[in-house]
Amino acid sequence: MTACLAMNLAFRGLHPCFAAEVSPVKLARLDDPGVLAQIHAGMDRYAVLVFRDQEFSGAEQIQFAKRLDGEIHAKTGAAAITKNRFGDEALTDISNVDENGEIFRSNDRRRMYSLGNRLWHTDASFQDPPGRYSMLFSIVVPPVEADTEFADMRAAYDALSIEMKSRLEGLRAHHSIAYSRQILGFEFSEKEQEILKGAVHPLIRTIPRSGRKSLYLASHASTIIDWPVPEARLLLRELTEHATQQQFVYRHSWRVGDLVIWDNRATMHRGRPFDDSKYRRELRRVTTLDVPRAAHA
Ligand code: OGA
Ligand code: MN
């Protein structure tokens, strides 16, 4: 009889603006269209959803992402500089260990590259199409705080003055990972830069379905098209400061088995510092491509 019972998910808000924890549900084999639609509705409203106690193989995590949101983004990260530990570019390795499970040495290039995740960003905005949903699954969590922060870019947009909103309308920013990594002193080789040319995206996005507008910013945003560079960078910096004020930020403390899904169109995020020379932290991310969804989804 249970097959006849429709499952209703409950969302418990974690912050006044956004982010919710979802009632218990096993996602690895979930394919009920009604429940997937409830997750979409939850994403439209909350932009960050926390699912506890999940179990996924890499393949199951990819399959779930496809069922929920369509095509997978295979170019969100370090393919240009490291060999993927999972052997599949659809699985982004968000961890501080190498293929033998050893913690990176402090001057390891892979470590220095991944430290870029500690700057506020949205995934793969330096690509076109960029990332839509990112789904980060935690496998090893340190015994110390090693959190991820999220900022609600819709609430940040709503809070702008009318003058600022009209000033931003129609502006487009160039996003480049070479730029954001270079802020931290990380240099790509010429060959790497060749394949990381960046992408242009509107500074204000309207998110389909919810119809809400959001500020589309990231550490990758290097300039505004047709603006003098210093003026553009000052505005991008001012907007980032505005959008990441405490009232727009939710901080997630990881437990093993968490799957956190965020909408990259509606949020920014950053990893918080911890002693990564001492403690292992291993997470695995799948991100979907921000292309129009199939009509039924
Ligand atoms: C990511 C990311 C931050 C963190 O997975 O895209 O930026 O806290 N993670 O690991
Ligand atoms: Mn990220």
Side-chain angles (χ1 to χ4, degrees), residues 19 47-51 54 56 58 61-62 65 69 72-82 84-86 89-97 103-104 110-127 130-142 144-153 175-177 179-181 183-184 186 196 199 201 216-221 240 243-244 249-276 279-290:
V48 176
L49 293 180
V50 176
F51 298 84
Q54 301 301 313
F56 285 109
Q61 194 180 341
I62 293 173
D69 199 40
I72 304 300
H73 205 309
K75 287 188 233 147
T76 71
I81 70 149
T82 81
N84 186 299
R85 192 159 61 114
F86 308 122
E89 296 303 335
L91 293 167
T92 303
D93 192 2
I94 304 292
S95 68
N96 61 337
V97 302
I103 291 182
F104 290 146
R110 294 167 293 186
R111 170 173 186 263
M112 291 187 281
Y113 174 85
S114 67
L115 287 176
N117 280 343
R118 301 211 185 151
L119 300 176
W120 283 109
H121 68 283
T122 186
D123 290 333
S125 67
F126 49 87
Q127 302 278 6
R132 183 163 51 218
Y133 287 175
S134 282
M135 312 186 194
L136 186 57
F137 178 55
S138 81
I139 299 162
V140 178
V141 171
V144 292
E145 224 169 56
D147 300 347
T148 306
E149 283 184 320
F150 297 90
D152 185 345
M153 306 302 282
H175 295 244
S176 148
I177 193 168
Y179 171 71
S180 58
R181 289 315 193 252
I183 292 171
L184 295 183
F186 180 94
L196 294 168
H201 299 293
Y216 194 64
L217 297 169
S219 56
H220 312 307
T240 301
T244 57
V249 172
Y250 162 69
R251 183 172 181 129
H252 183 70
S253 299
W254 292 94
R255 289 187 214 154
V256 170
D258 285 353
L259 182 84
V260 177
I261 309 182
W262 64 85
D263 186 339
N264 284 294
R265 303 167 302 180
T267 58
M268 280 203 291
H269 60 280
R270 65 172 177 179
R272 299 304 293 148
F274 71 103
D275 189 348
D276 66 322
Y279 300 112
R280 301 153 58 93
R281 180 178 188 264
E282 297 186 47
L283 303 99
R284 196 173 59 206
R285 172 161 59 71
V286 176
T287 295
T288 56
L289 263 185
D290 190 12

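Just so you know, residue 1 is the first one in the sequence shown, and it goes up from there. Counting starts at 1 for both ligands and their atoms, following the listed order.
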Go through it in stages, so that I can follow the logic: the residues are Thr148 and Trp254, the test is side chain to side chain donor-acceptor pair (under 3.5 Å), and I'd like the CA-CA distance, side-chain angles, deciding distance and then a yes or no.
CA-CA 8 Å; Thr148 306; Trp254 292 94; 2.8 Å; yes
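- Screening Thr287, Thr76, Asn84 against Thr92 for a side-chain hydrogen bond (donor to acceptor under 3.5 Å, both in side chains) leaves a single residue, Thr76.
- Ion pairing between a basic and an acidic side chain is recognised when a charged N comes within 4.0 Å of a carboxylate O; Arg280 and Glu282 show such pairing.
- For atom 8 (O) of ligand 1, the closest non-hydrogen atom on the protein side is Thr148 OG1, 2.7 Å.
- The existence of a salt bridge linking Arg285 and Asp123 is confirmed by a sub-4.0 Å separation between a basic side-chain nitrogen and an acidic carboxylate oxygen.
- Within His121, NE2 is the N, O or S atom that lies nearest to the Mn ion (ligand 2).
- The protein atom (non-hydrogen) at minimum distance from atom 6 (O) of ligand 1 is Arg285 NE, 2.8 Å.
- Residue Arg272 places no N or O, backbone or side chain, under 3.5 Å from any N or O of ligand 1.
- Of the possible polar contacts, none joining the His121 side chain to the Met268 backbone as a donor-acceptor pair under 3.5 Å is found.
- Using a 4.0 Å cut-off between heavy atoms, His121 contacts ligand 1 through its side chain alone, with no backbone atom that close.
- Between the Mn ion (ligand 2) and the N, O or S atoms of Asp123, the shortest distance is to OD1.
- Distance from atom 10 (O) of ligand 1 to its nearest protein heavy atom, with residue and atom name: Arg281 NH1, 2.8 Å.
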